Protein chains: 2
Amino acid sequence: MKAPQDVFAEYLANENLKMTPQRRIILDTLLKQDDHLSSEELYARVKKRDGSIGQATVYRTLKLLSDSGLVEPLDFADGVTRYETSYGKDHHDHLICERCGKNIEIVDETIERRQEQLAKEHGFTLLRHKMYLYGICPDCRKK
Amino acid sequence: MKAPQDVFAEYLANENLKMTPQRRIILDTLLKQDDHLSSEELYARVKKRDGSIGQATVYRTLKLLSDSGLVEPLDFADGVTRYETSYGKDHHDHLICERCGKNIEIVDETIERRQEQLAKEHGFTLLRHKMYLYGICPDCRKK
DNA sequence: GTAATTGCAAATTATTTGCATTGCC
DNA sequence: GGCAATGCAAATAATTTGCAATTAC
């Protein structure tokens with residue numbers, strides 16, 4: 001499998017865009033600290049490595065990374081978009097604790113199949129989906 | 001089944017809040033035109049009935065309606081929160097066309113059961129979930 | 001060389017809040 | 001009558017954009 005950096009470089013070349021040190025650092029930082037970072041949080045980490053990089057560049061690069069398919073925007077219901085690297089990883093959904101924010105990645109073949117099936121029944125070609133389960137985790141329930 | 005207006009009135013009384021003409025109009029407008037309105041769109045419609053109602057009141061009332069469980073905020077990935085009335089309606093998920101925005105409401109018992117099951121396996125108490133399927137609808141595919 | 005990229009600051013968008021006034025219960 | 005609600009305008013918060021200077025290819 002190609003390295004994500006190479007995939008990104010190829011994507012950029014294809015679109016007549018350029019690889020820059022800033023873009024390299026941003027992708028690299030995101031790959032390293034692969035939680036579910038917001039643009040803001042990523043910006044903070046990126047600035048530690050190169051203080052001269054601006055917020056706007058982080059936003060712009062995240063959009064490119066999304067378009068290239070390397071990174072996926074997540075949409076928990078709290079007003080901030082978070083990002084995770086999706087390249088080379090299996091698709092998964094999220095099980096989120098409403099109290100503490102704990103976030104567990106889940107996959108279920110039964111559900112995935114039914115989704116395909118449902119889309120088909122309506123004549124749709126399914127491209128992707130998002131599923132978020134919200135509940136209370138065991139730790140929080142005990143308290 | 002109680003009328004939504006009555007449910008809302010009861011909710012307000014319970015919380016020591018007050019029913020007002022503005023709140024009545026806002027709920028009524030939302031019930032009538034029950035697409036997936038954004039706060040902005042709802043505000044526009046509400047203003048036709050009473051030009052003196054302010055945006056803030058619409059936002060504030062939508063929050064109350066969400067808290068009361070009458071209305072559900074939706075989160076398609078376009079930066080605007082939309083709302084639908086959920087009272088007295090079965091829960092459903094959404095199948096969305098990425099080209100034309102067509103939005104079909106779907107439910108699937110198999111999926112609902114598996115979701116419960118999955119949450120349980122991780123020790124979570126499931127409160128709610130969101131599932132969005134994104135694809136291309138038959139009409140758009142033909143073009 | 002030239003078009004894309006950058007950082008900055010100002011602009012936008014969606015939503016929230018402070019406050020003086022008004023109006024339910 | 002008293003506390004909640006309203007409308008307005010100003011404040012936030014997240015993200016986008018215009019622009020002059022810089023840089024990758």
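Model, not experiment: these values are computed from the prediction. Values below: every heavy atom of this structure, side chains too, minus hydrogens, waters and symmetry copies. Here is how names work: the chains are called A, B, and so on, in the same order as the sequence lines, proteins then strands, and each is numbered from 1.
At whole-Å resolution of the value, CG in L65(A) and C1' in dT5(C) are 15 Å apart. In this structure, K47(B) places its NZ atom 12 Å from C1' of dC8(D), rounding to the nearest Å. Straight-line distance from the CG atom of L12(B) to the P atom of dC25(C): 9 Å, rounded to whole Å.
Side-chain nitrogen and oxygen atoms of T20(A) include at least one within less than 4.0 Å of the OP1 or OP2 phosphate oxygen of dT6(C). Proximity of Y59(B) to the phosphate of dT16(C): no side-chain N or O atom is located under 4.0 Å from OP1 or OP2. A close approach under 4.0 Å does occur between a side-chain nitrogen or oxygen of T57(B) and OP1 or OP2 of dG7(D). Under 4.0 angstrom from either OP1 or OP2 of dT23(D) there lies no side-chain N or O belonging to Q22(A). Considering only side-chain N and O atoms, S39(B) lies nowhere under 4.0 angstrom from the phosphate OP1 or OP2 of dA14(C).
Comparing K18(B) and A56(B) along DNA chain D, the residue whose closest nucleotide (by nearest heavy atom) sits nearer the 5' end is K18(B). Comparing Y43(B) and R24(A), the nucleotide of DNA chain D nearest to each residue sits closer to the 5' end for Y43(B).
Within the helix from dG1(C)-dC25(D) to dC25(C)-dG1(D), the inter-axis angle between the opening and closing five-pair segments is 40°, rounded to 10°.
None of L133(A), D93(A), L95(A) except one satisfies the side chain to side chain contact (heavy atoms under 4.5 Å, CB included) rule with I104(A); the exception is L95(A).
Residue contacts shown for S38(B) are absent, as no nucleic acid heavy atom lies under 4.0 Å away. Note on R23(A): only backbone sugar-phosphate atoms sit closer than 4.0 angstrom, heavy atoms only; bases stay farther off.
Ion pairing between E41(A) and R82(A) holds under the 4.0 Å rule for side-chain N and carboxylate O. The existence of a salt bridge linking E72(A) and R128(A) is excluded, since no basic side-chain nitrogen approaches an acidic carboxylate oxygen closer than 4.0 Å. E109(B) and R113(B) are joined by a salt bridge, as a carboxylate oxygen and a charged side-chain nitrogen come within less than 4.0 angstrom of each other.
Relative ring orientation between H94(A) and H92(A) is described as perpendicular, the plane-to-plane angle rising above 60° on a 0-90° scale split at 30° and 60°.
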